[in-house]
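Just so it is clear, the values below take in all heavy atoms, side chains as well, and ignore hydrogens, waters and symmetry mates. Order of the sequence lines fixes the chain letters, A, B, ..., with proteins taken first and strands second; residue numbering starts at 1 for each chain.
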Amino acid sequence: MAYNFKIIERKWQGYWKKNQTFKAINDNKLKKYYILDMFPYPSGAGLHVGHPLGYIATDIIARYKRHKGFNVLHPQGYDSFGLPAEQYAIETGKHPADTTEKNIKQYRRQLDRMGFSFDWSREIRTSSSNYYKWTQWIFLLLFDSYYDLNKDKAKSISDLVYHFENNGTLQLNAVTDNIEQFNSDDWKSFSFSKKQEILLRYRLAYLSETEVNWCPNLGTVLANDEIINGVSERGGFLVEKKKMKQWSMRIGAYSERLINDLEKIDWPESLKEMQRNWIGRSVGAFVKFKIKGHEEEIKVFTTRPDTLYGVTFMTLAPEHNLTLKITTNEYRSVVKKYINSSRKKSELDRMSDVKTISGVFSGSYAIHPFNGNEIPIWIGDYVLSGYGTGAVMAVPCGDQRDYDFAKKFKIPIKNIFSNKDISKCAFVQKSDFKLINSGFLNDLEYEPAINKVINYLESKNFGKGAINYRLRDAIFSRQRYWGEPIPVYYKNDLPIPLSLKDLPLKLPKVKNYLPTSDGAPPLGNATKWAWDISKGKVVDNSLINNIDVFPLELNTMPGWAGSSWYFNRYMDACNENEFVSKKAVNYWKEVDLYLGGSEHATGHLMYSRFWQKFLYDLGYLPVDEYAKKLINQGMILGYSAFIHRKKGTQEYYSSNLLGNYKTEPIRVDISFVNSSNELDIEGLKESQIQYRKSKFKLEKGKFFVTREVEKMSKSKFNVVNPDEICEKYGADTLRMHEMFLGPLEQSKPWNTAGISGVHSFLKKLWRLYHPNKNFSVNNEKPTKKSLKYLNQTIKKVTEDIESQSFNTCISSFMICVNQLTSEKCNERQILEPLIILLSPFAPHISEELWSLLGHNSSIAKVKYPKYDSNQLVELSKNYPVSFNGKMRFTIELSLDLPIKEIEKIILNDKRTKQQLKGKQIKKVIVVLGKIINIVV
RNA sequence: GCGGGUGUGGUGAAAUUGGUAGACACGCUAGACUUAGGAUCUAGUGCUUCGCGGCAUGGGGGUUCGAGUCCCUUCACCCGCACCA
């Protein structure tokens with residue numbers, strides 16, 4: 001009987017489904033292992049061969065851990081809210097829910113075909129209302145919380161109200177953008193709406209007028225991490241700044257903990273570094289400058305308070321709220337013009353135009369807090385409104401940007417560094433200098449100067465030492481339809497939250513998915529989108545003038561909302577009463593291994609850590625980091641094909657004929673190109689009309705394309721569908737081939753060149769159990785050699801799975817099978833453990849062979865074999881490698897031996913004995929059971 | 001500019017962490033077999049030389065009995081951040 005993977009794979013996939021083989025139970029007697037993939041967005045294009053890479057890796061580990069006796073949680077679901085389904089709805093009028101449902105079916109079919117051991121009874125979808133009910137609930141919690149800096153954790157807003165009632169803002173240390181100070185009597189005298197406005201400035205989910213990244217083409221705002229190089233991540237559209245009333249999340253409150261706790265988790269160092277940079281912690285001081293002839297003060301942040309005496313001017317961002325106030329009449333029109341022109345600059349222009357220095361003088365002067373000097377105040381767009389206070393004290397001698405600005409506008413530069421030449425550029429080092437011209441700081445170096453100046457600033461109330469973060473609060477509103485509705489209604493313009501019993505607040509039906517004619521988000525098209533307090537339910541908009549009916553929020557939540565807590569939901573996916581039960585979360589606690597792409601470093605992986613910490617603060621979760629270990633799998637890249645058209649014609653030239661012409665490359669679908677880069681012209685012409693009349697200039701009767709490695713994507717015509725591979729070679733071959741392609745973390749182009757190697761390995765394996773074409777194994781005692789090969793393989797494979805080196809692991813299997821084949825091994829005692837080892841990699845063929853071996857239950861439930869070190873002890877080669885004054889030898893052994901055995905081996909070895917020349921052995925060092933250094 | 005990473009045959013890659021560089025696989029070459037199958041098996045395959053041998057882990061230098069691995073320097077490529085005060 002030949003290896004018929006089609007029949008075998010269908011058979012066992014059916015068996016696993018029917019028997020619920022991979023269902024995890026919430027049983028706290030068993031050791032748990034929680035292994036998770038980043039759940040996919042179900043796009044219309046279906047899966048390509050890049051998607052399963054991570055799933056195959058986690059599936060191998062999941063199956064391995066089950067063999068090792070762990071209760072494994074290996075779930076899967078869909079991040080099913082998102083833009084593509086909505087764009088499709090706009091174009092076709094089809095409801096995003098229908099499109100999503102269709103796509104999910106396709107994904108599931110493809111996933112099932114690869115034999116993954118997911119526990120589908122825990123499947124979740126972020127767009128299903130019994131899931132987003134809890135996303136909304138978490139939003140309500142965030143709305144109902146503030147951050148207490150004394151306790152360094154989130155607390156209920158009622159605690160804050162209590163504090164206000166007793167002390168006002170006195171002795172309050174909370175994260176807020178409120179600057180108003182008041183006492184308890186003031187608080188009591190405030191109106192209801194005034195109180196609410198103040199509380200909004202403390203809530204972790206808050207509504208405020210903020211400057212946002214507005215993308216006109218997408219018709220929505222975007223978070224910072226959704227913008228790449230000044231354009232939108234999706235679609236690459238321009239982004240501009242715009243003031244809007246928006247929901248935000250006070251993620252900044254967690255900056256310090258988000259940085260510090262990176263220490264606790266085993267994540268890739270590069271990814272941690274990215275998060276650190278994104279949070280952008282910098283230590284320095286806030287300094288207040290009085291303005292001549294004005295009440296207001298300018299507050300600046302600086303990391304170099306030691307250079308305060310070097311300040312010769314100040315610069316405000318054009319968007320700073322004092323710019324117009326302090327501008328004198330003389331300069332008003334120039335400043336206004338400047339502000340307008342910089343507002344018009346898109347984010348992209350502003351970034352690409354870093355080198356041009358621009359700015360205008362405001363006409364006003366600030367007062368230096370130490371020496372009373374008058375310092376001119378300038379407006380310049382090199383100062384960003386979003387960082388620090390949007391104002392800087394300019395120290396041209398110590399900062400290159402200030403230096404360039406001063407040079408350009410002929411502002412004096414004062415040198416405060418001894419023996420430093422600043423005629424060409426600023427002196428920016430933090431070491432190797434002493435201060436001069438700096439009053440009480442003269443002769444001090446960096447560190448002592450910083451300490452002294454901060455003490456002074458604080459004692460005189462001129463400022464204080466502080467830590468500033470680059471991390472901005474996350475905008476939470478999206479002007480989209482296909483997202484979680486924000487469970488809030490408006491009464492007198494104030495947001496009032498719904499309560500848990502009113503959830504889920506389900507998405508309303510709308511006629512169309514575009515913004516309304518007056519610019520409101522798509523939910524503005526809904527006719528039934530008002531909240532009736534008395535009935536506690538959604539009612540028709542026409543009732544809004546009734547006393548109990550109010551308009552509901554029209555914005556929806558961003559894509560990252562649903563993905564910020566889903567890993568907790570898997571622990572108890574069907575719970576209707578809680579987002580996750582205490583019992584479940586105390587058992588599963590956290591993800592042991594999380595696998596996904598590094599592109600989520602500053603988005604999902606940041607927000608989810610924030611929500612986890614928040615829910616931990618409120619006591620809903622037992623741990624404040626949800627993923628112990630994280631691995632970024634590399635991308636599988638596509639191998640795009642290009643044909644080259646002579647400019648302005650319909651003539652295409654084969655790749656070696658290009659030299660003499662001006663041509664432009666055009667992508668063609670890689671299905672028309674074979675592995676030697678030859679184009680199937682007829683096939684191309686047949687399927688794509690635009691080529692019917694084109695001329696193809698051949699070389700030696702053939703037409704060749706050029707190739708380029710790029711991200712695999714439908715729009716680049718370079719996707720390879722896993723279904724094709726499954727059809728041709730089977731899922732087991734696909735799984736092993738993807739793992740054999742190279743190290744998991746590395747990005748690599750897809751190629752099918754090596755796939756035959758893996759496929760023939762599986763066939764060889766099959767033959768091992770089918771000598772003479774029929775299945776047979778014998779119960780005789782295996783040869784010593786066979787036993788050695790088996791035990792070697794157990795050891796190597798186990799180590800490799802533990803360290804996720806799947807490619808070398810597969811090599812070991814290949815070596816083993818080759819060795820056993822040449823040994824003509826057919827003993828059950830060898831073949832039974834071998835197939836258990838292989839089953840995580842190639843589950844279908846393993847199940848089949850396992851059942852042929854006469855076992856009734858699934859191989860997935862079987863215990864992992866242990867290697868017998870005695871079988872490995874064999875001195876194949878031993879040799880002294882080197883000799884120096886200390887007399888050191890290296891001998892290769894097969895395994896750790898008792899010390900007496902080692903001595904015997906050493907003394908028995910002719911060459912070693914020779915070198916020892918009868919000297920006494922003083923010390924034997926055994927490293928990793930293999931290398932021995934002998935000191936004599 | 002700052003931060004992180006990578007560099008080994010024709011190709012994907014190994015190398016027990018300082019100990020025989022190139023395992024394993026693809027490809028290629030030669031051969032065997034045949035029930036003609038996207039088969040299987042055997043041998044060879046870093047470069048150089050008829051061979052002995054010599055040279056090889058981007059380049060240069062260093063430490064060491066011994067370096068792909070550690071240190072210094074330099075080049076190339078990839079990724080992330082980027083007027084962050």
At under 4.0 Å between heavy atoms, how does the protein contact nucleotides 4-13 of chain B? Give one character per nucleotide, 5' to 3', with B, S or -. S-------BS
Where the side chain of [X] is defined as all heavy atoms beyond and including C-beta, which of [options] is the nearest nucleotide?
X        : options                : result
A:Met814 : B:rA85, B:rC24, B:rC41 : B:rC24
A:Met274 : B:rA25, B:rG80, B:rC83 : B:rG80
A:Arg767 : B:rA85, B:rC41, B:rC83 : B:rC41

What is the distance, to the nearest angstrom, from the [atom1] atom on [X] to the [atom2] atom on [N]?
X        : N      : atom1 : atom2 : answer
A:Lys773 : B:rU35 : NZ    : P     : 11 Å
A:Asn818 : B:rA23 : CG    : P     : 14 Å
A:His759 : B:rG27 : NE2   : P     : 13 Å
A:Arg470 : B:rA82 : CZ    : C1'   : 8 Å
A:Gln819 : B:rC24 : CD    : P     : 9 Å
A:Ile467 : B:rA85 : CD1   : C1'   : 16 Å

For B:rG44, give its Watson-Crick or G-U wobble partner with both distances under 3.5 Å, or none. B:rC28
Searching all strands shown, indicate the nucleotide that pairs with B:rU6 (Watson-Crick or G-U wobble; both distances under 3.5 Å). B:rA76
So A:Ile411 and A:Pro396, do their side chains get closer than 4.5 Å, heavy atoms only? no
Side-chain heavy-atom pair A:Leu258, A:Trp278 within 4.5 angstrom cut-off: no
With sugar-phosphate meaning primed atoms plus P, OP1 and OP2, does A:Ser760 contact a base, only sugar-phosphate, or nothing at under 4.0 Å between heavy atoms? sugar-phosphate
